[in-house]
Amino acid sequence: MQNRLRGRYRSERLFKFMGFAAVAISLLFLVFLLGTMISKGIGGLTWEFLTASDSTDPATAGVWGALKGSFLTIMVTMALAFPVGVLSAIYLEEFAPRNRFTDVIEVSINNLAAVPSIIFGLLGLAVFLNTMNLPRSAPLVGGLTLALMTMPVIVIAGRNAITSVPPSIREAALGVGASKMQVVFHHVLPLALPGILTGTIIGMARALGETAPLLMIGMRAFIAVPPSGITDPATVLPVQIFLWSDEVDRAFIEKTSAAIIVLLVFMLMMNALAIYLRNRFEQRW
């Protein structure tokens with residue numbers, strides 16, 4: 001008996017050590033990345049860099065145009081992917097009948113979530129540019145392409161959050177005379193909202209760092225004037241970093257590192273927003 005307890009205790013200690021080591025390795029990689037980028041790019045983080053647009057002269061090149069383009073692209077992505085993804089998750093989990101057709105839809109959504117991002121870029125090029133003749137290198141097309149890529153992730157996160165709501169909540173609401181629609185939108189959805197928002201914003205953060213699909217739709221042009229709307233030519237931060245890293249002038253190395261810092265800060269802010277929204281709307285039952 002004592003040997004069994006001793007063996008269980010050792011297994012628990014080994015599991016805790018392995019978990020701690022995994023977290024420590026992840027944090028070390030993050031610290032190394034941030035330290036390297038800060039050491040190379042901190043000198044380029046000036047007010048002029050944050051408020052100027054792209055230029056062929058590294059002394060006057062800035063990140064404002066790409067930052068504004070990223071913001072407009074993410075807003076289009078959020079406006080399209082979030083409502084469609086959430087409503088799809090609600091329908092599939094609460095209203096859709098269990099038959100072969102819905103099984104095919106579920107398998108297709110899971111497969112779409114694993115499709116390489118460049119495939120969505122080819123889809124955007126073929127549909128939005130060649131067929132619909134939408135403006136090339138515009139946040140509208142970039143947002144539509146990233147929405148196609150992000151929506152399966154939102155659907156999966158939404159279904160998981162809806163499934164986590166206890167059945168007793170639904171049964172209690174139905175027992176007092178609520179309709180199926182009232183049960184879903186007045187009781188289930190508010191309880192599932194923290195998980196849905198967390199999955200959505202993490203999906204948006206992933207979309208913010210994508211480069212391949214945006215390169216396919218032409219968002220790699222030289223843009224010296226910041227876009228004023230979603231149909232104006234624009235670029236985004238990951239593409240701007242890619243273009244600067246390919247420059248021959250070594251003065252762009254500092255600009256590239258500074259732009260990476262801006263992108264990392266932007267993504268950390270989005271993840272912090274996800275944590276805040278999860279805690280803000282979390283309800284206990």
Side-chain angles (χ1 to χ4, degrees), residues 12 15-16 19-20 22-23 26 74-115 117 120 143-210 266-285:
E12 291 178 356
F15 179 77
K16 290 180 181 179
F20 176 78
V23 174
S26 301
I74 288 298
M75 288 299 102
V76 173
T77 303
M78 177 72 78
L80 295 173
F82 181 72
V84 175
V86 172
L87 291 176
S88 299
I90 292 174
Y91 172 75
L92 290 174
E93 199 63 37
E94 297 290 339
F95 296 101
R98 301 304 176 190
N99 52 36
R100 185 172 299 179
F101 178 70
T102 54
D103 290 340
V104 171
I105 293 177
E106 292 177 4
V107 172
S108 300
I109 291 174
N110 292 329
N111 289 334
L112 283 174
V115 169
S117 59
F120 291 98
L144 288 169
T145 304
L146 294 180
L148 293 176
M149 186 187 71
T150 308
M151 189 179 65
V153 179
I154 298 176
V155 173
I156 294 173
R159 293 192 64 188
N160 292 333
I162 293 171
T163 305
S164 66
V165 177
S168 57
I169 301 293
R170 300 173 177 83
E171 295 169 359
L174 292 172
V176 298
S179 65
K180 180 66 173 178
M181 192 72 68
Q182 290 173 330
V183 170
V184 171
F185 287 97
H186 294 176
H187 301 278
V188 175
L189 186 59
L191 294 175
L193 190 59
I196 294 174
L197 291 176
T198 301
T200 299
I201 295 178
I202 291 176
M204 292 296 110
R206 177 201 169 194
L208 178 64
E210 288 292 342
F266 200 177
M267 295 182 69
L268 289 174
M269 289 175 60
M270 292 191 67
N271 283 278
L273 178 62
I275 296 174
Y276 168 77
L277 291 175
R278 182 188 63 195
N279 296 332
R280 172 68 176 80
F281 293 102
E282 186 175 11
Q283 301 184 34
R284 301 190 180 275
W285 52 82

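Not measured: the values here are computed from a predicted model.
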Find the distance between [atom1] ([X]) and [atom2] ([Y]) and round it off to the nearest 0.5 Å.
{"X": "Leu112", "Y": "Ile105", "atom1": "CG", "atom2": "CD1", "answer": "11.5 Å"}
{"X": "Ile162", "Y": "Tyr91", "atom1": "CD1", "atom2": "OH", "answer": "13.5 Å"}
{"X": "Lys180", "Y": "Phe185", "atom1": "NZ", "atom2": "CZ", "answer": "11.0 Å"}
{"X": "Arg159", "Y": "Ile196", "atom1": "CZ", "atom2": "CD1", "answer": "12.0 Å"}
{"X": "Ile201", "Y": "Leu208", "atom1": "CD1", "atom2": "CG", "answer": "12.5 Å"}
{"X": "Arg170", "Y": "Leu191", "atom1": "CZ", "atom2": "CG", "answer": "9.0 Å"}

Residue pairs, two or more places apart or on separate chains, that pass salt bridge (Lys or Arg N to Asp or Glu O under 4.0 Å) and touch residues 183-208 =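 Passing the test, one end in residues 183-208: Arg206-Glu210.
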Please identify each residue that fulfils salt bridge (Lys or Arg N to Asp or Glu O under 4.0 Å) with Arg100, with sequence neighbours left out.
->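 Applying salt bridge (Lys or Arg N to Asp or Glu O under 4.0 Å) to Arg100 gives none.
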Distance-only, no hydrogens or angles: does the Ser164 side chain make a donor-acceptor pair with backbone N or O of Ala161 under 3.5 Å?
->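 Checking the backbone N and O of Ala161 against the side chain of Ser164, a donor-acceptor pair under 3.5 Å is found.
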Check for a donor-acceptor pair, side chain of Thr102 on one end and backbone N or O of Ala96 on the other, with a separation under 3.5 Å.
->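 Not confirmed, Thr102 side chain does not pair with Ala96 backbone.
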If a pair satisfies side chain to side chain donor-acceptor pair (under 3.5 Å) and one of its residues is in residues 183-205, list it, with sequence neighbours excluded.
->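 Of all non-adjacent pairs touching residues 183-205, none passes side chain to side chain donor-acceptor pair (under 3.5 Å).
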Basic-acidic side-chain contact under 4.0 Å: Glu106, Arg98 =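 Here Glu106 pairs with Arg98 in a salt bridge, since their nearest N and O are under 4.0 Å apart.
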Trace of the side chain to side chain contact (heavy atoms under 4.5 Å, CB included) decision for Val184 with Phe95 | CA-CA 10 Å; Val184 171; Phe95 296 101; 3.8 Å; yes
Steps toward side chain to side chain contact (heavy atoms under 4.5 Å, CB included) verdict (Ile74, Phe266) | CA-CA 12 Å; Ile74 288 298; Phe266 200 177; 5.9 Å; no
Check each of Val188, Leu189, Val155 against Ile90 using the side-chain contact (heavy atoms from CB on, under 4.5 Å) test, and report the only one that passes.
->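 The option that passes is Leu189.
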With no hydrogens and no angle check, do the side chains of Asn111 and Ser108 hold a donor and an acceptor under 3.5 Å apart?
->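 No - no donor-acceptor pair under 3.5 Å links their side chains.
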Determine, stepwise, if the pair Glu171 / Val183 fulfils side chain to side chain contact (heavy atoms under 4.5 Å, CB included).
-> CA-CA 9 Å; Glu171 295 169 359; Val183 170; over 6 Å; no
Specify the closest pair of heavy atoms between Ala113 and Pro152, including all atoms of both residues, with the distance to one decimal.
->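 The pair with the smallest heavy-atom distance is N-CB, 3.8 Å.
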Minimum heavy-atom distance between Met78 and Pro83, given as atom pair plus value =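 Between these two residues, the closest heavy atoms are O-CD, 3.6 Å.
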Residue pair Thr77, Leu144: steps toward the side chain to side chain contact (heavy atoms under 4.5 Å, CB included) verdict = CA-CA 6 Å; Thr77 303; Leu144 288 169; over 6 Å; no
Test side-chain hydrogen bond (donor to acceptor under 3.5 Å, both in side chains) applied to Thr163 and Asn160, step by step | CA-CA 5 Å; Thr163 305; Asn160 292 333; 5.4 Å; no
Inspect the surroundings of CE in Met75 and state if more than 12 heavy atoms from other residues, nucleotides or ligands are less than 6.0 Å away.
->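 Correct, the count exceeds 12.
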